[in-house]
Amino acid sequence: MEPLDLIHQPASDPLAENEPCSALGHHCGVAGLFSPDPLNVPERLFYMLFSLQHRGQESCGVAWEEDGRHRGYKDLGMVAPVLGRFLREERRSRLGIGHVRYSTAGGGGLQNAQPIVVDCNKGRLALAHNGNLSNGGRLRKELTAAGSIFQGTADSELVLHLISRSREGTREDFLREALAPLEGAYSLVLMHEGALVAIRDPSGFRPLYVGEKGGATYVASETCALHAVGPMPFREIAPGEVLIVDRAGSRSFFLEPRLPRRACVFELIYFARPDSEVFGESVHGARVRLGEMLAELDEAAGLRADVVVPVPDSGNIAAIGYARRAGLPFDFGLARSHYAGRSFIMPTKDQRELAARLKLHAVPEVVAGKRVVMIDDSLVRGTTSRIIVGLLREAGAKEVHLRLAAPELKWPCYYGIDIPSRDELISNRLDAAGIAREVGADSARFLPVDRLLSGLGHSQGYCSACFDGNHPFRPDVGEKEGQ
Ligand code: AMP
């Protein structure tokens with residue numbers, strides 16, 4: 001067997017010290033490609049991962065096959081600084097995969113960066129994972145007790161251990177055996193002995209797409225990453241599908257469904273990029289509909305307002321839908337600094353507030369003397385809303401009505417969306433009227449869950465557990481404690 005040739009995988013990471021296993025929010029993006037004719041694979045992966053940057057900004061990496069070896073490069077940081085070198089290097093290859101990683105403050109570190117590249121009894125393997133296994137803690141305990149060694153704390157290594165432990169000989173058989181015990185969300189891309197393998201869990205929690213261009217096959221979490229390579233026909237990889245692409249062509253087999261389909265509705269509300277399609281839906285179109293539904297509820301309640309203002313950028317599209325449906329002007333009453341970082345993952349309340357203040361600014365020209373409908377995609381702790389309602393009032397807004405293009409967020413997610421502990425979620429403490437009082441708004445309104453689901457009209461089923469507590473897979477006792 002060829003030795004591994006990792007050209008860059010720094011060995012130690014001070015940020016990773018003392019990291020508790022359960023603290024990981026693991027919501028990432030994956031990409032992969034196979035081409036019968038050699039291409040500059042790491043360069044193509046750069047373009048795809050750059051388009052998936054919104055799915056993870058903590059670390060990124062690529063792995064590819066070159067001269068019969070698996071090579072890898074990954075580091076903490078964003079795609080442009082970490083992987084920009086591949087725009088200047090010429091590397092001929094037929095096969096590669098890539099990953100961008102999202103995690104909460106303190107929940108990451110280099111040992112969790114992907115792809116993970118290994119050599120094992122099944123040959124050369126590399127893996128990148130989007131999602132979270134709800135029974136990951138139990139599987140890890142069992143494997144550790146049986147002698148497995150783990151380098152990081154993410155669930156993704158489990159999959160490699162299960163593959164390696166399988167006694168089955170063929171790729172299809174050992175994948176079936178390795179994946180059978182997994183519960184929860186996994187969209188995976190693998191390189192195995194010259195083949196690209198793309199796998200979507202049978203519930204279809206996380207999106208995964210495949211497209212073809214110029215004889216090459218591209219796989220990515222969202223279609224925006226396929227478009228980054230150029231226009232191409234694409235399709236959704238089906239829940240439970242295992243797609244294998246190599247020099248013999250492409251073929252699929254299917255994993256046994258354990259539960260009905262459960263596509264993560266939060267992908268449409270917040271996470272995915274608006275120019276993408278996920279779960280067969282246009283993200284932009286879904287967000288417009290959410291805004292329209294809010295406007296219909298306000299119309300029925302007789303709300304009178306002068307202007308619709310989005311919280312940029314996450315509220316922009318729902319605000320367009322709201323304004324159109326309500327027949328009100330849409331305007332940018334909040335300006336966003338693109339130089340401020342992400343407030344959401346700051347560890348303390350003071351830091352989050354400061355970050356929100358640095359990021360958003362009211363525009364008096366738009367809001368002074370006006371009854372403002374302020375639209376955001378979701379309310380988590382309420383930090384952002386409290387700051388910006390105050391800014392709008394300071395800028396002279398006469399009334400501020402807070403509208404959320406999502407239901408009340410009340411429950412943890414075990415399938416990969418980073419949600420703080422239950423007691424940090426403002427909707428577990430207060431109802432809409434109480435929230436309006438706490439953030440200083442004249443009123444607050446959420447989208448009811450049944451309205452959200454019927455309005456999106458998805459026949460195949462969504463996971464809305466973060467809103468209604470209806471978790472398709474319960475985590476094992478003791479896992480994700482405190483949530
Ligand atoms: P908060 O200020 O805590 O109420 O957070 C609400 C803001 O965080 C909204 O503007 C959302 O766009 C954003 N948000 C919601 N969920 C997440 C998440 N899981 N990760 C990062 N940002 C989020």
Side-chain angles (χ1 to χ4, degrees), residues 23-29 53-58 100-105 107-108 130-132 185 205-206 264-274 283 287 290-291 309-319 334 336 340-360 374-391 402-430 432 434-436 438-441 444 446-447 463-467 483:
L24 288 177
H26 180 186
H27 197 144
C28 309
Q53 185 79 81
H54 59 287
R55 297 184 72 86
Q57 291 139 39
E58 187 192 69
V100 287
R101 177 175 173 80
Y102 175 116
S103 89
T104 52
N130 170 210
N132 209 65
F205 283 101
R206 303 275 149 238
C264 168
V265 75
F266 210 69
E267 290 273 353
L268 288 167
I269 292 170
Y270 171 73
F271 215 79
R273 216 170 82 168
V283 175
R287 289 182 190 163
L290 301 182
V309 167
V311 177
D313 294 322
S314 52
N316 286 355
I317 301 170
L334 289 163
R336 174 182 164 184
R342 290 191 307 160
S343 57
F344 188 86
I345 64 161
M346 296 287 182
T348 71
K349 185 163 169 284
D350 285 352
Q351 284 169 306
R352 284 193 294 274
E353 285 187 9
L354 179 63
R357 269 180 204 288
L358 288 173
K359 191 163 172 179
L360 293 160
M374 182 184 107
I375 307 223
D376 203 354
D377 67 298
S378 58
L379 198 63
V380 184
R381 302 181 182 97
T383 318
T384 319
S385 298
R386 190 154 37 78
I387 303 280
I388 52 188
V389 170
L391 295 175
L402 171 63
R403 295 295 179 266
L404 290 312
E408 284 103 324
L409 206 54
K410 290 187 172 176
W411 297 89
C413 173
Y414 306 119
Y415 322 115
I417 295 278
D418 170 34
I419 294 178
S421 68
R422 285 203 71 199
D423 36 283
E424 280 182 86
L425 299 173
I426 193 170
S427 292
N428 281 323
R429 286 194 289 115
L430 299 167
I435 287 170
E438 177 147 318
V439 305
F446 295 82
L447 210 51
C463 177
S464 50
C466 55
F467 303 123
Q483 293 219 325

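As the structure lists them, so they are numbered: ligands from 1, and atoms in each ligand from 1.
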Test item, [X] contacting ligand 1 (heavy atom, 4.0 angstrom):
X: Phe271; value: no
X: Ile419; value: no
X: Ser385; value: no

Item to complete: Anything under 30° is parallel, anything over 60° is perpendicular, the rest tilted; go ahead and classify His54 against Phe271.
Response: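 The rings of His54 and Phe271 sit tilted, inter-plane angle from 30° to 60°.
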Worksheet entry | Phe266 neighbourhood, listing ligand 1 atoms whose heavy-atom distance to it stays under 4.0 Å | 16 (N)
Counting only heavy atoms closer than 4.0 Å, does ligand 1 sit against the backbone of [X], its side chain, both, or neither?
X: Ser314; result: side chain
X: Asp376; result: side chain
X: Thr384; result: both

Worksheet, complete the sentence: CG of Leu268 to CG of Leu290, rounded to nearest 0.5 Å, is 8.0 Å
Worksheet item: Out of curiosity, Ile419 CD1 to Arg381 CZ, how far, rounded to the nearest 0.5 Å?
Response: 11.0 Å
Discussion item. So for ligand 1, is Val380 a polar contact partner (N or O within less than 3.5 Å, distance only)?
Written reply: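 Looking only at distances, the answer is yes, because the N/O contact criterion of under 3.5 Å is met.
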Worksheet item: Just by distance, do the side chain of Arg422 and the backbone of Lys410 share a donor-acceptor pair under 3.5 Å?
Response: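 Judged by distance alone, yes, a pair lies under 3.5 Å.
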Worksheet entry | Test item: Leu404 and Ser378 side chains (from C-beta on) under 4.5 Å apart, heavy atoms |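 Answer no - side chains too far apart.
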Worksheet item: So does Glu267 pair up with Arg206, basic N to acidic O under 4.0 Å?
Response: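 Salt bridge: yes.
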